[in-house]
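Report on the following structure.
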Amino acid sequence: MPLTPEMERVGVTPALMKTTKKMTCPRCGLEFSLFQSRAIACKGCSKGAYGCNMARCLRCDYEFPIGGVLVKSKEREKKLATYMNGILDNYNKSVGKSGRR
């Protein structure tokens, strides 16, 4: 989906759009986004501080790599994971939360 001028004006980036793309858990079939996974299921996980390249299912807690699902290379996988962690870290700081479950 191309970015509209309005989306660009408010700071939406192609990387942010990737984090909202739906993926399906290979174990239970639940559809969710990387954004939801990181904000809910991965909250408080120590791996998140290191640019973890995994997604965690909201229903069954199964972890699987985001590579091949959202991005095609290890480099882009790491970049997207680090970007997503930065968004959540900034949010937690802005509202005074610790980022733990």
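Throughout, numbering of the chain's residues begins at 1 and tracks the sequence.
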inquiry  = Keeping Glu8 on the side-chain end and Pro5 on the backbone end, is there a donor-acceptor pair under 3.5 Å?
reply    = no
task = Is it possible for you to say whether Met54 and Leu58 belong to one hydrophobic cluster, with membership spreading through side-chain heavy-atom contacts below 4.5 Å?
result = no
Show me the donor-acceptor pairs, under 3.5 Å and distance only, between side chains in residues 17-31 and residues at least two apart or in other chains.
unit_1 : atom_1 : unit_2 : atom_2 : d
Lys18  : NZ     : Leu70  : O      : 3.3
Thr19  : OG1    : Leu16  : O      : 2.7
Thr20  : OG1    : Met17  : O      : 2.8

inquiry  = Enumerate the salt bridge (charged side-chain N to carboxylate O under 4.0 Å, His left out) contacts for residues 80-93, please, sequence neighbours excluded, ordered by first and then second residue.
reply    = Asp89-Lys93
request  = Please name all residues satisfying side-chain contact (heavy atoms from CB on, under 4.5 Å) with Val10, sequence neighbours left out, ordered by chain then number.
outcome  = Val12
request  = Begin with the C-alpha distance, continue with both residues' side-chain angles, and end with the deciding distance and a verdict on side-chain contact (heavy atoms from CB on, under 4.5 Å) for Cys52 and Arg38.
outcome  = CA-CA 10 Å; Cys52 178; Arg38 290 291 165 90; 4.2 Å; yes
query = Can you tell me how far the CZ atom of Arg56 sits from the CD1 atom of Ile40, to the nearest 0.5 Å?
reply = 13.0 Å
inquiry  = Once side chain to side chain donor-acceptor pair (under 3.5 Å) is applied, do any residues pair with Tyr83, and if so which ones, sequence neighbours excluded?
reply    = Thr13
inquiry  = Quick check for you: to the nearest 0.5 Å, what is the distance between Gln36 atom CD and Cys42 atom SG?
reply    = 12.0 Å
